[in-house]
Amino acid sequence: MPELPEVEVVRLGLEPAIVGATLRDVRVLEPRSLKRHDARRGDFVGMLIGRTVNSAQRRGKFMWFPLDGSGTGDHVDALVTHLGMSGQVLLNTRDASPERHLRIQFVIEPGDGEPLLMSFVDQRIFGSMAVDYLVAVGDRWVPSQVAHIAPDPLEPAFDDERFVAAIRAKHTGVKRAILDQTLISGVGNIYADEALWASKIHGERATERLTRAQAESLLAEIRVVLQKALAEGGTSFDEQYLNVNGESGYFAHSLNAYGQTGRPCPRCGTPIVRKSFMNRGSHFCPRCQRR
DNA sequence: AGACCAACCTGCTGGC
DNA sequence: TGCCAGCAGGTTGGTC
């Protein structure tokens, strides 16, 4: 579910509560939600109890919380979170009843104020949490399991020139390319369809046939749609995406292509088409977006 | 090396 | 009413 804007909404919501807070209790109700955790480095719960959170970071769809105190050896450890398709992180007071798909729950004690419950809720268990160590990549420290992905287009480290050259050097379809997190991170199925619509590019267009101007335009539209969605609190279709307070985002009202099958293209009126491709739905205007 | 797809999960909807 | 196919916002590991 959650793409960059949704993850950023969650990160922004967690930041004031969790930075400076100490993890006082951790309960793992669903061990499969730890699939990203490398148990050879230590027990997930044991590595977290008593640790204090230093900051709230994100790259693409990964979010992590560096911890103070010595990590394993010379490493700085972080609590890493990926929401997968249906993950949420919710903040509640301690008297709240457990959520339907509660997988991991923390009691966090802020520097000042009452302890809170931080709940990792995930229907499909594609998301997960882990304790991982930070490694230096370019100008940032990121968890080792995040080192392979590219910067996202909203961070300063993103290199526009490198992106334009790299996508044009690939031999694949444009939509595939922008969903490739090692080329550009943070874009998922919704915002891929929206950015392609905005830049009038068919998702199956060959990347090697993209002109430099088209690649630049596509990148610009990716940034626009991600920023606009972020400003509107992300995209919610149902209860599967909520912010830390359990509230929906509003960007679903602004979608031009994704999920708009049969509705008129806002630009030319031609009905939006849905086509199954790479095992997921792709939505586009057959008139504005030619192969 | 790079491209591609199956697998990992649960739950809801729509057609018969 | 019941059953089943199809679909859902993502990443990974393996094969070619």
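None of the values given here were measured: they were computed from a predicted structure. Just so it is clear: chains get the letters A, B, ... in the order the sequence lines come, proteins before strands, and each one is counted from 1.
When rounded to the nearest whole Å, the span between OH of A:Y191 and P of C:dG9 equals 12 Å. Straight-line distance from the CE atom of A:M129 to the P atom of C:dT11: 16 Å, rounded to whole Å. If you measure from atom CZ of A:F237 to atom P of B:dC12, you get 17 Å, rounded to the nearest angstrom. Distance CZ (A:R103) to C1' (B:dG11): 11 Å, rounded to an integer number of Å. At whole-Å resolution of the value, CE in A:M63 and P in C:dG10 are 15 Å apart. B:dC9 atom P lies 20 Å from atom CD of A:Q88, rounded to whole Å. Between the CG atom of A:L83 and the P atom of B:dC9 there is a distance of 18 Å, rounded to whole Å. Between A:K170 atom NZ and B:dG2 atom P there is a gap of 8 Å when expressed in whole angstrom units.
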Please report, to 0.1 Å, the donor-acceptor pairs under 3.5 Å made by any side chain of residues 257-273 of chain A, with sequence neighbours excluded.
{"from": "A:Q260", "atom 1": "NE2", "to": "A:Y258", "atom 2": "O", "distance (Å)": "2.9"}
{"from": "A:R267", "atom 1": "NH1", "to": "A:W197", "atom 2": "O", "distance (Å)": "3.0"}
{"from": "A:R267", "atom 1": "NH2", "to": "A:W197", "atom 2": "O", "distance (Å)": "2.9"}

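Between the side chains of A:Q123 and A:H101, no donor N or O sits under 3.5 Å from an acceptor N or O. Counted by atom type alone, A:D193 and A:H283 present one or more donor-acceptor pairs between their side chains at under 3.5 Å. Counting only N and O atoms by type, the side chains of A:S185 and A:D152 include no donor and acceptor under 3.5 Å apart.
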Could you run down the sub-3.5 Å N/O contacts of the protein with nucleotides 4-8 of chain B?
{"from": "B:dC4", "atom 1": "OP2", "to": "A:T172", "atom 2": "OG1", "distance (Å)": "2.5"}
{"from": "B:dC5", "atom 1": "OP2", "to": "A:R176", "atom 2": "NH2", "distance (Å)": "2.5"}

Between the protein and nucleotides 12-15 of chain C, are there any N/O to N/O pairs under 3.5 Å, and if so, what are the atom names and distances?
{"from": "C:dT12", "atom 1": "OP2", "to": "A:H148", "atom 2": "NE2", "distance (Å)": "3.2"}

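Considering only side-chain N and O atoms, A:Q123 lies nowhere under 4.0 angstrom from the phosphate OP1 or OP2 of B:dC9. Proximity of A:R100 to the phosphate of B:dT10: no side-chain N or O atom is located under 4.0 Å from OP1 or OP2. For C:dT11, the OP1/OP2 oxygens have a side-chain nitrogen or oxygen of A:K61 closer than 4.0 Å.
B:dA6 and C:dG6 have their P atoms separated by 14 Å, given to the nearest Å. A distance of about 15 Å separates the P atoms of B:dC9 and C:dG14, rounded to the whole Å. Rounded to a whole angstrom, the distance from the C1' atom of B:dC12 to that of C:dT11 is 23 Å.
Between A:L196 and A:L218, some side-chain heavy-atom pair lies under the 4.5 Å cut-off. In this structure, A:V10 and A:Y241 have side chains that are in contact, with non-hydrogen atoms separated by less than 4.5 Å.
A salt bridge is absent between A:R36 and A:D132; no separation between the charged side-chain nitrogens and carboxylate oxygens falls under 4.0 Å. The pair A:E155-A:R140 meets the salt-bridge criterion, since a charged nitrogen lies less than 4.0 angstrom from a carboxylate oxygen. Taking a cutoff of 4.0 Å between a charged side-chain nitrogen and a carboxylate oxygen, A:K228 and A:E194 do not qualify as a salt bridge. Checked for salt-bridge contact, A:E3 and A:K61 miss the test: no charged N lies under 4.0 Å from a carboxylate O.
Shown are A:R290, A:K275, A:R209; of these, the salt bridge (Lys or Arg N to Asp or Glu O under 4.0 Å) with A:E204 is made only by A:K275.
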Only Watson-Crick and G-U wobble pairs with both distances less than 3.5 Å should count. Give DNA chain C in dot-bracket notation, marking inter-strand partners with |.
.|||||||.|||||||
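If you check every strand for non-hydrogen atoms under 4.0 Å, A:D238 touches a base. Note on A:G281: only backbone sugar-phosphate atoms sit closer than 4.0 angstrom, heavy atoms only; bases stay farther off. Contact annotation for A:S276: no contact, since no heavy-atom pair falls under 4.0 Å across all strands.
Contacts between residues 254-263 of chain A and DNA chain B, defined by a heavy-atom separation below 4.0 Å, involve no residue at all.
Using the six-membered ring where Trp is involved, A:Y191 and A:F251 have ring planes that are tilted, between 30° and 60° apart. Aromatic ring pairs are classed by plane angle as parallel below 30°, tilted from 30° to 60° and perpendicular above 60°; the pair A:F44 and A:H37 is perpendicular.
Sorted by first and then second residue, the salt bridge (Lys or Arg N to Asp or Glu O under 4.0 Å) pairs involving residues 101-116 of chain A (not counting sequence neighbours) are A:R24-A:E109.
For A:R124 and A:F126, the positive end sits near the middle of the six-membered ring, less than 6.0 Å away and at most 45° from its axis.
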